[in-house]
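Worksheet: the structure to be examined is printed underneath.
Below, chain A is the first sequence line, B the second, and so on; all start at residue 1.
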2 protein chains.
Amino acid sequence: MPELRTGLHHLYLRDEDLRLGIELLFYAYRDFTAEPDRMLDEIGLGRAHHRAIYFVGRYPGINVGELLAILRITKQSLSRVLGELVRKGYIAQRPGTVDRRQRRLELTEQGAALERKLSENQRRRIAAAYRAAGPNAVEGFRRVMLGLIDERDRGKVAGEPAKPQPGAATRR
Amino acid sequence: MPELRTGLHHLYLRDEDLRLGIELLFYAYRDFTAEPDRMLDEIGLGRAHHRAIYFVGRYPGINVGELLAILRITKQSLSRVLGELVRKGYIAQRPGTVDRRQRRLELTEQGAALERKLSENQRRRIAAAYRAAGPNAVEGFRRVMLGLIDERDRGKVAGEPAKPQPGAATRR
DNA sequence: GCATATATGTCAACATCACTGACGTATTTT
DNA sequence: AAAATACGTCAGTGATGTTGACATATATGC
């Protein structure tokens, strides 16, 4: 629900309030990624691999362009990461049926197992925070977080991955 | 308000709910850092410099050990970043008065200006998200985010920086 | 059907930010 | 006086990102 358009907002935002927001994001992200990072390190992978595995698991059959649009990195960066994951047997590729230029990505059994293992800690952490804060707070959390995300991607979160923008291939 | 302690929680957490949380963190952090990153890039600095500048601005007179405890990186990494910031005139150091081994860090005029410029976009983004979501949602956001942070650091967020753990100097 | 655009990949070079390991100096604490 | 602490440095390495140029296969528009 959009708030009343009073022009003046009853939500008076002090510098301190905004700083707290900045810091919450920093600390939460720092701690949210620490555990998976440690686990990845043991098998010679990094956070970038986790992100790829996560989103391939999230959208089975996703193609490279869509994944690029989510991660917002260059194809050269993704290519290295994806190549390693394919070579190590975590991700399988196969050409698209409708457009055979595409490579549709999927997790292998091994990849799915790794994804579960990596996300387990994150899920636990989120579940604990949700339970401690209560359903009402969770709803507020979602609303604020969505508001922090670039508008063009809000629909994408927890929906279908957006098709890459036209011209995305040429644009860098 | 803490939820009723029923043992069984009325907050039934589906896999989808947890995934949404994971993704909100990913997208929000991605978009939250993108703009400052671009600005930093123009003056030959990176995200690590932003973090250092931010927390030195947040806690004027903070010493190196405290900053290390916040950032959770090695002193060698921080040393490089801090050295660059000092050389380029964004941060000033001076020995502590009570313990002269310490280097107390402060932003110079120039550093404070940069900090404001960098954080401006982030503050705007947070302010917009807060306003759109409403005060109630903001409170929920804070509760959940705090729950995501390592327990030992919850008190530190938006308070005084914790003293580094005893033994921190030797531990790596 | 031919020209062009798209999806993807590759080679090469480079920057940033992190890490490990080993040591060194000044100062404080015991 | 010895030990611990705060901080720094030198040296090497690895992960992740970047730019730029070019290659291949497939689709699409006229």
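- Computed from coordinates, the A/Ile62 CD1 to C/dA7 P distance equals 14 Å when rounded to whole Å.
- Residue B/Gln102 places its side chain closer to D/dC7 than to any other of C/dG9, C/dT27, D/dC7.
- Using a 4.0 Å cut-off between charged side-chain N and carboxylate O, B/Arg30 and A/Asp150 make no salt bridge.
- Aromatic ring pairs are classed by plane angle as parallel below 30°, tilted from 30° to 60° and perpendicular above 60°; the pair B/Tyr130 and B/Phe141 is perpendicular.
- Note on A/Arg104: nothing from the nucleic acid sits closer than 4.0 angstrom, heavy atoms only.
- Distance A/Lys75 NZ to D/dT18 P: 13 Å, rounded to the nearest Å.
- Of the side-chain N and O atoms in A/Ser79, none sit less than 4.0 angstrom from OP1 or OP2 of C/dT8.
- Between the CZ atom of A/Arg100 and the P atom of C/dT8 there is a distance of 14 Å, rounded to whole Å.
- Note: CG (A/Leu105) to P (C/dA7) measures 14 Å, nearest angstrom.
- Atom CG in B/Asp99 sits roughly 6 Å away from atom P in C/dT29 (whole-Å rounding).
- Distances from the side chain of B/Gln76 to the nucleotides D/dC7, C/dT27, D/dC10 place D/dC10 closest.
- In this structure, B/Arg101 does not reach the C/dT28 phosphate: none of its side-chain N or O atoms is under 4.0 Å from OP1 or OP2.
- Dashed line: the shortest gap from a side-chain N or O of B/Thr74 to OP1 or OP2 of C/dC19 is under 4.0 Å.
- Crowding of A/Asn136 atom CG: a count of heavy atoms from other residues, nucleotides or ligands under 6.0 Å not exceeding 12.
- Atom-to-atom, CG of A/Asn63 to P of C/dG9 comes out at 10 Å; the value is rounded to the nearest Å.
- Contacts of residues 88-96 of chain B with DNA chain D (heavy atom under 4.0 Å): B/Gln93.
- Residue A/His49 places at least one side-chain N or O closer than 4.0 Å to OP1 or OP2 of D/dT16.
- Of the residues near DNA chain D, A/Thr97 and A/Arg72, the one whose nearest nucleotide (by heavy atom distance) lies more toward the 5' end is A/Arg72.
- Every residue was checked against the side chain to side chain donor-acceptor pair (under 3.5 Å) condition with A/Gln122, not counting sequence neighbours, and none meets it.
- What separates CG of B/Asp41 from C1' of D/dG17 is a distance of 11 Å, to the nearest Å.
- Judged purely by atom type and a 3.5 angstrom limit, B/Asn63 uses its side chain to pair as donor or acceptor with the backbone of B/Glu66.
- What separates CZ of A/Arg47 from P of D/dG17 is a distance of 10 Å, to the nearest Å.
- When ring centroids are compared, B/Phe26 and A/Tyr29 stay outside the 6.0 Å threshold.
- B/Arg94 has a carboxylate O that lies under 4.0 Å from a charged side-chain N of B/Glu106, or vice versa, which qualifies the two as a salt bridge.
- A close approach under 4.0 Å does occur between a side-chain nitrogen or oxygen of B/Arg103 and OP1 or OP2 of D/dG8.
- A donor and an acceptor atom, one from each side chain of B/Tyr54 and A/Glu23, are located under 3.5 Å apart.
- Using a 4.0 Å heavy-atom cutoff across all strands shown, A/Arg80 reaches at least one base atom of the nucleic acid.
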